[in-house]
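Just so you know, ligand 1 is whichever comes first in the structure, and atom 1 is the first atom listed for that ligand.
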Amino acid sequence: MELIFAPLFSGSSGNCVYVGCGDTHLLVDAGVSCARIIAELGRVGVRPGSLNGVLVTHEHADHIKGIGILSRRLDLPVYATEETWAAMEGKVGGISLKNRRVFDKNADFYVGPLEIRAFSVPHDAADPVGYSFSAGGARFSVATDIGCVRESWLKEVAGSGAVLLESNYELGMLLSGSYPYALKQRIASRKGHLANTDAGEAAVELVNRGARRIILGHLSKENNLPELALGCCEAALREAGVRPGADMALNVARRDGVTGLYALRREETEALL
Ligand SMILES: [Zn+2]
Ligand SMILES: [Zn+2]
């Protein structure tokens with residue numbers, strides 16, 4: 001069985017990723033409006049009524065903005081850790097008790113045929129996690145909102161055929177940009193976001209450990225450009241002897257709509273859209 005995924009929105013203004021296998025359909029985060037998510041799901045052929053749940057990475061608005069309405073409208077289970085539930089209480093409106101799902105990090109759980117593992121990432125939220133999804137020997141990971149490159153999360157993502165990897169900011173743009181000093185410090189801190197150079201370093205590690213497609217995501221609207229993120233990561237990979245486009249695929253996720261629909265079989269990805 002193929003593991004299917006599609007970044008629907010990715011960036012500092014809102015995040016949502018579709019992951020599916022067979023009749024099981026999940027979302028990671030819902031940081032844009034319910035209507036926009038439903039519209040993009042339609043473009044990848046997924047009926048909103050067929051969704052089985054939404055998994056939350058952390059309680060920042062760009063990840064949970066649409067979750068309350070989505071859960072209420074579609075009677076959709078929401079999965080988050082205990083601490084994340086406590087932190088999003090009051091931000092998402094009422095979610096019915098039967099749709100509140102709590103999981104433990106670092107203990108695998110299943111939704112249909114999808115084996116799911118949540119792992120801790122360094123970020124300034126209550127209990128931020130990334131996710132790995134496995135089915136039929138294929139694995140896809142979502143690794144965004146990460147302050148620094150660390151073995152603790154790299155080892156969880158290792159072995160994924162495809163990774164949605166944060167490449168949030170270009171350091172020069174962040175430093176010379178209009179953000180207040182405190183916000184610049186927060187973004188560049190070890191609990192903030194990954195710079196393009198950090199993403200390049202992580203991409204080399206992940207390709208060496210099995211990744212064949214890296215999609216750079218969660219780009220800052222103010223402090224990055226798709227061509228800068230791509231160029232920086234390409235340079236890091238080439239320096240490590242990896243040829244993007246030949247040895248592996250590298251692209252940038254779209255901020256405002258479906259990036260592509262990808263099918264992942266054992267250690268390979270194929271673009272369907
Ligand atoms: Zn965040
Ligand atoms: Zn975010």
* Asked: Would you find a donor on one side and an acceptor on the other, under 3.5 Å apart, between the side chain of W85 and the backbone of R101?
  -> yes
* Asked: Which protein N, O or S atoms sit under 2.8 Å from the Zn ion (ligand 1)?
  -> H58 NE2, H60 ND1, H123 NE2, D145 OD2
* Asked: Any side-chain heavy atom of L219 sitting closer than 4.5 Å to one from S12?
  -> no
* Asked: Heavy atoms, side chains only, cut-off 4.5 Å: are D62 and V32 in contact?
  -> no
* Could you pull out the atom name of the N/O/S atom in H218 that is nearest the Zn ion (ligand 2)? => NE2
* State whether the side chain of R243 and the backbone N or O of D247 hold a donor-acceptor pair below 3.5 Å, judged by distance alone. => no
* Going by the angle between their ring planes, with limits at 30° and 60°, are H193 and H123 parallel, tilted or perpendicular? -> perpendicular
* **Ring centers of F140, F5 separated by less than 6.0 Å** => yes
